[in-house]
Number of protein chains: 4
Amino acid sequence: MPKVTLEHRTARHDQIVEAARRCAMDQGFHKTTMADVIRESGLSAGAVYGYFKSKDEIVSAIADQALSTVDELFEGILATKEPLSPLTALTATLEHIVQIAERPGGDITRVALQAWAEAMHNDAIAGIAREKYTHLRSKFIEVARRGQADGTVDPDVDPDHVGQVMFALVPGFLLQRLILGDVTPQTFTAGLTALLK
Amino acid sequence: MPKVTLEHRTARHDQIVEAARRCAMDQGFHKTTMADVIRESGLSAGAVYGYFKSKDEIVSAIADQALSTVDELFEGILATKEPLSPLTALTATLEHIVQIAERPGGDITRVALQAWAEAMHNDAIAGIAREKYTHLRSKFIEVARRGQADGTVDPDVDPDHVGQVMFALVPGFLLQRLILGDVTPQTFTAGLTALLK
Amino acid sequence: MPKVTLEHRTARHDQIVEAARRCAMDQGFHKTTMADVIRESGLSAGAVYGYFKSKDEIVSAIADQALSTVDELFEGILATKEPLSPLTALTATLEHIVQIAERPGGDITRVALQAWAEAMHNDAIAGIAREKYTHLRSKFIEVARRGQADGTVDPDVDPDHVGQVMFALVPGFLLQRLILGDVTPQTFTAGLTALLK
Amino acid sequence: MPKVTLEHRTARHDQIVEAARRCAMDQGFHKTTMADVIRESGLSAGAVYGYFKSKDEIVSAIADQALSTVDELFEGILATKEPLSPLTALTATLEHIVQIAERPGGDITRVALQAWAEAMHNDAIAGIAREKYTHLRSKFIEVARRGQADGTVDPDVDPDHVGQVMFALVPGFLLQRLILGDVTPQTFTAGLTALLK
DNA sequence: AATGAATGAGACTTCATTCAT
DNA sequence: TATGAATGAAGTCTCATTCAT
């Protein structure tokens, strides 16, 4: 019966990652001990090590999740909305980010910050971050291209560069939200409206 | 003997912070051990603890430095240039950031990322980050105000909100530069040119 | 598996306390390092800290033991012997103390002296000492009361005060035995015989 | 001018011992650091080490002082009072102990307890304690002899043994006073009156 | 598969003592 | 002589990981 076992394995796996995420959200990756994860997951040390070879592997899994969540939701947005100006795309993104951040389970964007820092000296996480953010940014590049096709964005500029700027606003918004605490999609959209062509 | 001693103390203090910064740049705050800092500083354990009460205090000192460096240099820019459009201000800022990042001593912006993560669960660093970034952002708000006075920025939008967006581009640029590695002041300025009013 | 585990835990706990007691007997609380206790117990650092949160907790456990041993044995004496004059009670107590002190494991009364000193600036041990010695002294007060009932002790004196004096002879005996080394239950009983009513 | 220098040396020496005594009174010998002594004495590290070769030497000096103080004062009592029953001698001693203990500078009897503990594993202090307490006890033995001469003490008992018992009451009183806090010369004398022949 | 007690390297920090000035 | 910054051995405790049951 491979199905049941697989489901069981997946459930256990997620149980561990969720526990670790909750810990990392409050304490960061480094203050979170394996004992914390074990306690929070309700499993035993041996069980946890049956699913992950090391703490590093768990950290990578949380980082992957934290860096993906924004991505996944963002994709949805871009896929549906048709005539998509940079302003509209950004506004929709920020609103979704806040929705995710305010989920009952805790603010996963805090974990994304941990992942950024970790990527500076952890190759596995650097790889994940590169992959996820390259992908996310490609969506903004796509918006830039559409804008150029629509005539709303200067066609002489490399859409990659336009995408860089649009994408930059996402971590810039996140960071201000977490550290200064006074930005909202509304205030940010207002500022964008004043600045964007 | 106040003069000599004070200079001496300051030199030693800086010697330790510099050593710690080099370590944190390579390894992050948490993988950096006191033994690393002690070895790198060329002092003894006791000497280091004569200048800092704990590792946390050293971390705060590095974080302060990392979050200040951009600030200081940025201030210079804004003070001098007179007719300052958002685009000009941002371009100048990014160029300075890259100048700082490429200094021989190592890229201090990597440490800034560590500080962002640390601010999530370290009140001292959260305080420093809040203070430094509130101040830095206020400069962009000032630029927005000048733009409104000049008629180049929509006067009906709260300049605080415009400042939020301009400021957001700084960490957004930094993060892409460090993680994706393909942004430069030039590419970014090109993208900005296409997007900004 | 509660039974086996509980026994096991108790055995380990005692193994650590015994090891620590042996160390403290030779070196005192402060010269005894955790490394000493770990080596002497035959366990690992982690194992020891699985049973005690800190060195202080181990010290309290040894102090408790050292201050209790006299107490326990003394209670036995008082419970059985019926017509109990102060002289008889004291003689029996001293003989028991020496029996305990000369046990193969080492002289635990040396640890009691450490505990007295420690009680001066360690609230946990001060509390233990207060509790144990209040209890022990209450036995002597009981002897005083019986003496008053029997007509062998002046009924006009507060039995608490009589108990203070009787109890005082115990540490007085211990201290002389350990520092001057020339008192025995026999010499002491002889002196008591000459002095007591 | 050797006199001035000698006075100066003595003053400095005492200054250090007093400082160390104050520290040891509050914290015990082991929690007292050389830094504490240096700060409290108002001298420099080098200066302190000009007078004492090591912390151990300072500890011995404080222990000597603590074990002597009772001794000195006690001698005075015994020298003057002529017809001296054990009860009288003891009462006078306890009153003097409390006088000393309640001096403004702090309760030096707390330091005596430290010295007892230290004597268990410090030969220098064990030697001092032996010497001081042998001497102090000899005074009680002298009282016993006088009692035997006066016919108030049983002449068939070795006066050394009577002295052991009388002397025992001194640490017994001290310990109760410091740990249980409810004995006074008055309560103790009352108890003694009920018990002594 | 699961358990969780045990491991032990290594982290942070202290403090008695020295010595160049 | 006096200073006090510096030394570095040694102390307490943690925690990722393993393995006998």
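Throughout, protein chains are lettered first and strands after them, A, B, ... in sequence-line order, and every chain is numbered starting at 1.
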Subject >> Dot-bracket line, read 5' to 3' along DNA chain E, where crossing pairs take [ ] and | marks a partner on another strand, Watson-Crick or G-U under 3.5 Å >> reply: .||||||||||||||||||||
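Under the 4.0 Å criterion applied to side-chain N and carboxylate O atoms, B:R39 and B:D36 are assigned as salt-bridge partners. The pair C:D26-C:K31 does not meet the salt-bridge criterion, since no charged nitrogen lies less than 4.0 angstrom from a carboxylate oxygen.
To the nearest angstrom, P of F:dA5 lies 6 Å from CZ of B:R9. Rounded to an integer number of Å, the gap from CD of C:Q15 to P of E:dA5 is 15 Å. Atom CD1 of B:I16 is separated from atom C1' of F:dA6 by 11 Å (rounded to the nearest Å). In this structure, CG of D:D36 is placed 13 Å from P of E:dT14, rounded to the nearest angstrom. Protein atom NE2 of B:H30 is 17 Å distant from nucleotide atom C1' of F:dA16, rounded to whole Å. In this structure, the CE atom of B:M34 is 14 Å from the P atom of F:dT7, given to the nearest Å. Between the C1' atom of F:dG4 and the CZ atom of D:R39 lies a distance of 14 Å, rounded to the nearest Å. Between D:H13 atom NE2 and F:dA2 atom P there is a gap of 15 Å when expressed in whole angstrom units.
Checking the phosphate oxygens (OP1, OP2) of E:dG4, no side-chain nitrogen or oxygen of C:H8 falls inside 4.0 Å. At the phosphate of F:dT1, neither OP1 nor OP2 sits under 4.0 Å from any side-chain N or O atom of D:R12.
B:I108 and B:A66 make their closest contact through CD1-CA, 3.8 Å (heavy atoms, listed as atom of the first residue, atom of the second, distance). The two residues A:I179 and B:A129 have their closest heavy-atom pair at CG2-CB, 3.9 Å.
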Enumerate, atom names and distances included, each donor-acceptor pair closer than 3.5 Å involving a side-chain atom of residues 56-63 of chain D, sequence neighbours excluded.
unit_1: D:E57; atom_1: OE1; unit_2: D:K53; atom_2: N; d: 2.9
unit_1: D:S60; atom_1: OG; unit_2: D:D56; atom_2: O; d: 3.2

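Ring geometry for C:W116 against D:W116 counts as perpendicular: the plane angle is over 60°, on a 0 to 90° scale with 30° as the lower cut.
E:dA1 and F:dT21 have their P atoms separated by 22 Å, given to the nearest Å.
Taking OG1 from C:T32 and CZ from C:R21, the interatomic distance works out to 12.0 Å, rounded to the nearest 0.5 Å. Separating the CG atom in A:D64 from the CD atom in A:E131 is a distance of 7.5 Å, to the nearest 0.5 Å.
Within residues 45-65 of chain B, the residues approaching DNA chain F are B:A45, B:G46, B:A47, B:Y51, by heavy-atom distance under 4.0 Å.
Put simply, the side chain of D:K55 gets close to the backbone of D:F29: a donor and an acceptor are under 3.5 Å apart.
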